[in-house]
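Numbering of ligands and ligand atoms starts at 1, following listing order. Keep in mind the model is a prediction, meaning the values are calculated, not measured.
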Amino acid sequence: MSLLRLSQGHLNTFAKCPRRYQYQYIDQLNAPISPDHQAQLDRGSRLHHLMQQRELGLSLDAILNPDDPLRAMYDALLAAVPDLEDASISRAAEQSRTLVWDGVALTVIYDLLMVKGDRALIFDWKTYQNPPRRDILQQNWQTQLYPFVLAATSDYAPEQITMTYWIVDQTNQVHSETFAYSAQWYQQTQANLRQSLMALEMAQSEYQEQGKPFPQVNIQAQKCQRCPFQQPCQRQETVTFSPQDWRRMLTTLPASPGE
Ligand code: SF4
């Protein structure tokens, strides 16, 4: 049996909705992407490309015209992130690491990994229209997995590792959120991973051996409206009403037809 390979994207999708994980990663259904979302993805991937070129010391002229709107975003990020220009700080861009843990290969890609004194700094570039709240970022599997894999595959203790998101918004304002890792958080990540992997492996074996689909998310969680798999999932244009909605509708109905 081949090793299950997971990234933070797999874990986030499974946490969001197990059925969505099935469609995306097992059935490999193509998810339609709106032009707005595609533009957002392109913006993010071009920024990553630029930052990688820069770290490799390659010229940006071929991929960045002076009047390219991306230049303002790139310049804003360079001005905001400290130590980027300090050549004495050792660093690696787009560094990939894999940790085999509990029979699963966990893969991460660090946009930039810097070593400053006795500390390891993980930097991640993000582009969002509106930056997410800190508590949402903290729950994201990327925030858990990236420091975890570094601590498990290096000599750095969890307390020596930080993870910082550098987020450029729609108006090229740069926001940052830093998470200091710790031994306690490391233990918590292990527990969360164990729980998620158990649920995922069970869903996968029931699907493969009995044809039982992965569980859908509870419709009341309102995660389906923006899901690209509404059609195969038969949750298309589904409208749900809470008991309060029903009461309100019943009390506003006319007492008899024609009233
Ligand atoms: S439509 Fe809802 S239940 Fe179905 S895959 Fe998407 S999020 Fe999950």
query = Between Q139 and D135, do the side chains contain an N or O donor and an N or O acceptor separated by less than 3.5 Å?
reply = no
task = Could you list all the ring-ring contact (aromatic ring centres under 6.0 Å, His included) pairs where at least one residue sits in residues 189-211, not counting sequence neighbours?
result = Y207-F214
request  = Consider only side-chain N and O atoms of T107 and T98, and report whether a donor and an acceptor are under 3.5 Å apart.
outcome  = yes
inquiry  = Strictly under 2.8 Å of atom 6 (Fe) of ligand 1: which protein N/O/S atoms qualify?
reply    = C227 SG
ask   = Any chance the side chains of D36 and Q40 put a donor and an acceptor closer than 3.5 Å?
value = no
inquiry  = Can you tell me if I109 has over 12 outside heavy atoms packed within less than 6.0 Å of its CD1?
reply    = no
inquiry  = Please tell me whether H48 and S45 have a donor and an acceptor in their side chains that are separated by less than 3.5 angstrom.
reply    = no
